[in-house]
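Notes for the one structure printed next.
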Protein chains: 2
Amino acid sequence: MFTKTLIAEDMQDINKGIHAALCELGIKEIHQVQYCDDAYLKIKKAELDGVPYELLITDLSFKRDWREQKIRSGEELIRTIRNEFPEMKIIAYSIEDRIQKVRSLITSYGINGYVCKTRRGLVELTNAISSVFENIPYLSPEVSHALNPTNDLEINDYDILLLEQLSKGLSQDDISLYFSKNNIKPSSLSSIEKRLNKLRIDFKANNAIHLVATAKDLGLI
Amino acid sequence: MFTKTLIAEDMQDINKGIHAALCELGIKEIHQVQYCDDAYLKIKKAELDGVPYELLITDLSFKRDWREQKIRSGEELIRTIRNEFPEMKIIAYSIEDRIQKVRSLITSYGINGYVCKTRRGLVELTNAISSVFENIPYLSPEVSHALNPTNDLEINDYDILLLEQLSKGLSQDDISLYFSKNNIKPSSLSSIEKRLNKLRIDFKANNAIHLVATAKDLGLI
DNA sequence: AGTACCCTTACGGCTTATCGTAAAGCAAAA
DNA sequence: TTTTGCTTTACGATAAGCCGTAAGGGTACT
């Protein structure tokens, strides 16, 4: 089993819960931080001291408070760590269950495990740790189909851009103007209407509000 | 200090974290449940056995799963317990920080403490327990102004309901119909328009799409 | 060139949303 | 009871969204 791990999780209660679970797994050195910057510094120092961490368990979202942070999210932390310490095992532990997000974490940063915070989250986390220790990637059942490219709708960058602008409160007219100014084609109101109509059909949405809400649920925007 | 307490919290990790904190407080009998119905049954049985719980620490929102539950939320649990066991101390521990909600929990059900799940949530929870043990009500700083009736610009359950229906793709007409069918007042199209207009202003949203997107970002829906 | 095809754009009708104003309903205070 | 103030409802005008049809503009192939 791992001997030295780091927990990065802003919420004290969850952090403590994870700690208790790791203890039961027989891990000896367990360190805890509530800020991403602290996580980075601890990992950096451990490396310099010649006693590096073997495993990082990190949340994705960290609430901001009065402490200024260079690294503001778990995703940034993962990217940074992956760059400088490619060998370290990383497990993300988050309430986030958006497939797109999970997929990008795996493909872009090569995390070793992803566990959803659910009722049985801790059980899964212990399973994930054992699995990752044996070099087998682990995904929670909720997101295990993230790597399965079958259910890919034909959503492209233009669609995402469109939905983003829509969710920011721009009218279709505004978006048309914005697109033509920024040389994004097609830019006409009619084309935008057409594309949105297609998206509504694809996502089985009744109207634009429903469409944007669905896109947010799916993690597209 | 209390000698017998119950923790009702669906998330395993948080439940475990609370448990560890209570242990450090020197509480001897700490029981844990992940479902509201279990909490009720345990409390009922303890009463019948003549060894009642002195303190209940409960979450407010419990995710539904395959297990059918009669009591579906922390609020319902609190109402039930208050009715049957008026002398039991109750502390709500939730991420919810809507003043209106906290206020109603205090005034309607007379809970003894309310602690927000934040970074330092556990520290506050231990403070709350000590305070409640000495019969002094406790409120997290985030909501300590809940009893101060100055703040009126609040989002209430009606607003949430409205935003939810909107995000599900119903038109304002549909919602009006739905509300009158389900006896939710006010239900007229005009009132719905007015309320949405107020919400748009409160959230600085350009239109309904923007409003729903913002509400989703804030986790209101 | 011609034509076949697809993507883009334009426009008109119809529906829904947004906004202002005003009337009706209701309850507490005078 | 009347007055007063607030909430809810009604309605009309303008704007935005939705939908079908058709015209314009490329590109590739014959």
Side-chain angles (χ1 to χ4, degrees), chain A residues 153-216 220-221, chain B residues 100 103-104 107 149-216 220-221:
Chain A
L153 290 175
E154 300 166 31
I155 309 299
N156 58 31
D157 291 346
Y158 180 85
D159 296 319
I160 303 289
L161 215 52
L162 189 49
L163 291 171
E164 274 173 354
Q165 299 308 313
L166 209 54
S167 76
K168 286 202 273 182
L170 275 69
S171 70
Q172 297 182 9
D173 253 329
D174 293 337
I175 297 176
S176 170
L177 215 67
Y178 170 80
F179 276 7
S180 51
K181 267 185 186 170
N182 291 71
N183 237 35
I184 299 166
K185 295 179 298 188
S187 66
S188 78
L189 176 61
S190 191
S191 291
I192 287 167
E193 285 176 1
K194 264 210 168 37
R195 190 64 70 104
L196 284 177
N197 187 43
K198 181 188 169 298
L199 288 173
R200 271 201 308 276
I201 293 168
D202 285 352
F203 286 107
K204 305 186 206 323
N206 295 336
N207 53 40
I209 298 174
H210 197 188
L211 176 62
V212 167
T214 306
K216 277 218 169 280
L220 293 173
I221 54 178
Chain B
Q100 201 89 5
R103 192 178 297 160
S104 84
T107 58
T150 51
N151 197 340
D152 258 76
L153 294 176
E154 270 300 319
I155 310 302
N156 58 32
D157 291 345
Y158 180 85
D159 296 320
I160 302 290
L161 214 53
L162 189 50
L163 290 171
E164 274 173 356
Q165 299 308 314
L166 208 55
S167 77
K168 285 201 272 182
L170 275 69
S171 71
Q172 298 181 7
D173 253 328
D174 293 337
I175 297 176
S176 170
L177 213 67
Y178 169 80
F179 276 7
S180 51
K181 267 186 186 169
N182 290 71
N183 237 35
I184 299 166
K185 297 177 300 186
S187 65
S188 78
L189 175 61
S190 192
S191 291
I192 287 168
E193 286 176 1
K194 264 209 169 36
R195 192 63 70 107
L196 284 177
N197 187 42
K198 181 188 168 300
L199 288 173
R200 274 201 306 277
I201 293 168
D202 285 352
F203 285 106
K204 305 188 205 326
N206 296 335
N207 53 40
I209 298 174
H210 196 190
L211 176 63
V212 168
T214 305
K216 276 220 169 280
L220 292 175
I221 53 176

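Owing to the predicted nature of the structure, the values given are computational and were not obtained by experimental measurement. Residue numbers begin at 1 in each chain, while the letters A, B, ... track the order of the sequences.
For the pair B:Leu196 CG and D:dT8 P, the interatomic distance rounds to 14 Å; values are reported in whole Å. Look at CZ on A:Arg200: it is 10 Å from P on D:dG20, rounded to the nearest Å. A:Asn206 places its CG atom 14 Å from the C1' atom of C:dT15, with the value rounded to the nearest Å. Protein atom CG of B:Leu162 is 11 Å distant from nucleotide atom P of C:dT18, rounded to whole Å. Rounding to whole angstrom units, CG of residue B:Asn207 and P of C:dT16 are separated by 18 Å. A straight line from CG of B:Leu199 to P of C:dA17 spans 15 Å, rounded to a whole angstrom. The NZ-C1' distance, from B:Lys198 to D:dT7, rounds to 14 Å in whole Å.
Pairs of residues two or more places apart, or lying in two chains, never qualify as ring-ring contact (aromatic ring centres under 6.0 Å, His included) while including a residue from residues 181-202 of chain B. Within the structure, every pair that satisfies the salt bridge (charged side-chain N to carboxylate O under 4.0 Å, His left out) test and touches residues 177-195 of chain B, not counting sequence neighbours, is listed here: B:Asp159-B:Arg195.
Between the axis at the start and the axis at the end of the helix from C:dA1-D:dT30 to C:dA30-D:dT1 there is an angle of 10°, using five pairs per end and rounding to 10 degrees.
Evaluation of the side chain to side chain donor-acceptor pair (under 3.5 Å) rule for B:Asp173 yields no partner, not counting sequence neighbours. In terms of the side chain to side chain donor-acceptor pair (under 3.5 Å) criterion, residue partners of A:Asn197 (sequence neighbours excluded) are, by chain and number, A:Arg200. With sequence neighbours excluded, no residue satisfies side chain to side chain donor-acceptor pair (under 3.5 Å) with A:Lys168. Checked against ring-ring contact (aromatic ring centres under 6.0 Å, His included), A:Tyr158 has the following partners two or more places apart in sequence or in another chain: A:Phe179. Evaluation of the side chain to side chain donor-acceptor pair (under 3.5 Å) rule for B:Ser171 yields B:Asp174 as partners, not counting sequence neighbours.
Taken residue by residue, residues 164-193 of chain A places heavy atoms nearer than 4.0 Å to DNA chain D at A:Ser171, A:Gln172, A:Glu193.
The shortest distance between the side-chain N/O atoms of B:Asn197 and the OP1/OP2 oxygens of C:dT18 is not below 4.0 Å.
At least one donor-acceptor pair under 3.5 Å links the side chain of B:Thr214 to the backbone N or O of B:His210. Between the side chain of A:Ser187 and the backbone N or O of A:Ser176, no donor-acceptor pair lies under 3.5 Å.
A donor and an acceptor atom sit less than 3.5 Å apart, one in the side chain of B:Lys194 and one in the base of C:dT21.
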